[in-house]
There are 2 protein chains.
Amino acid sequence: MSWRKEQRRAERGYHHGNLKEALLQAALGLIAEKGAAGFTFADAARMAGVSAAAPYRHFRDRDELLSSIAQRGFEQFEARLSAAWDDGRPDTVTAFERVGKAYLAFAREEPAFYNAMFESGVPVDANPALQAASERAFNIIRAAAERLAALTPPGTPRPPAMMMALHIWSMSHGVASLFSRGDAARRKLPMSPDELLEAEVLIYLRGLGFPIDRRPASTGAEPPPVPPEAPSGSGVPPGGPWGKPK
Amino acid sequence: MSWRKEQRRAERGYHHGNLKEALLQAALGLIAEKGAAGFTFADAARMAGVSAAAPYRHFRDRDELLSSIAQRGFEQFEARLSAAWDDGRPDTVTAFERVGKAYLAFAREEPAFYNAMFESGVPVDANPALQAASERAFNIIRAAAERLAALTPPGTPRPPAMMMALHIWSMSHGVASLFSRGDAARRKLPMSPDELLEAEVLIYLRGLGFPIDRRPASTGAEPPPVPPEAPSGSGVPPGGPWGKPK
DNA sequence: CGGCTCATGTAAAGGTCGTTCACATGAGCT
DNA sequence: AGCTCATGTGAACGACCTTTACATGAGCCG
C-alpha cells in the first residue's frame, strides 16, 4: 500500500521523505572512507541528492550531525558491549574477556562510529544526549568491573571497581586507537591487537590477584581458590597470556 | 653586530627572515588553542604577518606542516622520555614509573604536539623522518621494557619486552587520550590521570611477577627476590597501587 | 474540492580556506 | 653594478560552511 507515496518521494519529489536519516547514513559512509576530518557537509547533501542548504533543516550545523553520529555510535557500542557481557555468563572472567574483544571488534568493524565517538574532536559534553549515551556505554564496563571486583580472591585487597573499569577502558582504547585503526596510522606488531589486549588484560587481572592460568609457571600447587566461579583460564593460550616466553 | 640586518628583517622587510620557523610556532599555538582540526594554514600565515601564499614556499601543503610539527613533537617526546628514563637510574622500577609520568606530563603540557602526533590524522608513514622520529621515541619505552623484563623474578616466565612496551604504551596513550587531554572531552574521575596510570602500571607489573609493595597484603614472608636492584616499592603509596581498599 | 499553513527544499550570496600562477623584490655572489 | 634565485605578493579558482529570501507541496480544515 501507499506505493505511489513512497515511490514518488523516493524518485525525487520536491520533498525527500526522510532526509535526516539519509544524511546520517551518507555521513557514516563518508567518515568510514575519509575520516571525520575529511567528511564534508556538502558531500553528504550531494550524496543524498539535495542542495547544500537542505541539511540545515535537520542539523544546526556540521558539528551537530557529527555529534548525532557519535551518539548513535555510543548506543550501538553499548548494545554490543552489553551483548558481549551477557550479564556475566557463563562466568565472570570469560564474559569479561568477551567484552574486551567486543571493544576491539567494534573499533575495527565500525571505524566510522569509533572515529566520530573518540577521534572527531566532538566534545562529549556538547550534547547532553551524547554524554548520556557515552555514560551508558561506559556503565557496561563499570558493571562488569564491579562483578569482577567482587570475585577478588580472599586475602587480596579488593580494588575499587570504578578504577578497574577505567583501567580496562584505557587499555582497550589505547590498543584500539594505536594499533587497531585506520589504514595508515598502523604500526607493525609482533601480535594482533586482539592478542595484545587480551594478554594485557590478563596480566592486569593477575596483578589484582586473580588466579589466571599460566601453564609454564604452574607449580601444580595452586587449586583455584575462587568460589564458586572461575573457569578463569578460559581463553588463555598455552604459554600464558603471551605466546612463548622464549 | 649586524644589528641593522636583524632589525630590518624583523621590522617587515619584504623578506621575513625565517618564516618557516615562525609558521611552525604559529601553527603550534593555533593547534594548542583549537586543535589540529581547527588549525588553518591561512591563519598561520596571518599570524606570521605574511600573505596566504607565502607558506607554500616552505611547506608543500598544510599536511606537510602538520607532519613537521608531529615530527618535532616526537623528537621532544623522545627527549623527555629519555631524560625520565635516565638509563634506569636509580633503579629500573623507579625509572620506569618516571617514564610513565613523563608520558602523561608531555600529553598535558604539550597538547599541541600530542595532538599533532596522535590525533591529527597524520599518517605516521607519510614522512620517513616522521616515522623514524616516532620509532626513536617508542624505542625509549622499548629499551626500558627490555631492562625491566630482564628483572623478572626467578621462577616467573619472562615476558617479551616488545609486548611489555606495547602494553605500557597503550595504557599511557589510553589514559592520556581519554582523561588527560582537552578542556572539553574530559570525563569526571575519582582520581587524577597520573594516579590512574600509576596504579594501572603497577598492577600490570605485579601481574608479571614483580614484587610490588602491597602493605595490606604483605605477609611479611617475601624477601625481595630481585637481584641486585629493586627498591621497587619506590613511589607506591601505602595501601597498594590504589588509595584505600575500603 | 479549495485554500491555508508550515515543514522542507532551492537558489543565490558572502565569507573562509587551500592551492596555484604570474609577477615583484631584494640578498648574496661575481 | 648586475645577475640570479630564494622568497614573498596579489589575484584567481574551486570547494566548503552558513545565512537569507523564496518556492513547493503535504496535511489539514472548512
Residues two or more places apart in sequence or in another chain: which of them pass side chain to side chain donor-acceptor pair (under 3.5 Å) with A/R72? A/E21
Atom CD1 of A/I31 and atom CD of A/E119: how far apart are they, to the nearest 0.5 Å? 11.0 Å
Got a sec? Which of residues 28-46 of chain A come in under 4.0 Å of DNA chain D, heavy atoms? A/T40, A/F41, A/A42, A/R46
Interatomic spacing from CG in B/L130 to CD1 in B/I69 - rounded to 0.5 Å: 12.0 Å
Using the six-membered ring wherever Trp is involved, compare the ring planes of A/F118 and A/Y103 and label them parallel, tilted or perpendicular (cut-offs 30° and 60°). parallel
Should A/F179 and A/L197 count as side-chain neighbours, where that means a heavy-atom distance under 4.5 Å? no
For the helix from C/dC1-D/dG30 to C/dT30-D/dA1, how many degrees between its two end axes (five pairs per end), to the nearest 10°? 10°
Run the ring-centre check on A/F74 versus A/F113 and record whether the distance is less than 6.0 Å. no
Side chain to side chain donor-acceptor pair (under 3.5 Å) with B/H167: which residues, sequence neighbours excluded? B/Y204
Can the positive tip of A/K34 be found less than 6.0 Å from the middle of the six-membered ring of A/F39, inside 45° of the ring normal? no
Does anything in residues 56-66 of chain A come within less than 4.0 Å of DNA chain C? Heavy atoms only, and list the residues if so. A/R57, A/H58
Listed partners of A/A165 passing side-chain contact (heavy atoms from CB on, under 4.5 Å), at least two apart: A/F138, A/I141, A/R142, A/A145
Considering non-hydrogen atoms only, spot the tightest contact between A/L19 and A/H58 and give its length. CB-NE2, 3.7 Å
A/L19 CG to D/dA26 P: how many Å, rounded? 16 Å
Measure CG/A/N18 against C1'/D/dA26 and give the value in whole Å, please. 15 Å
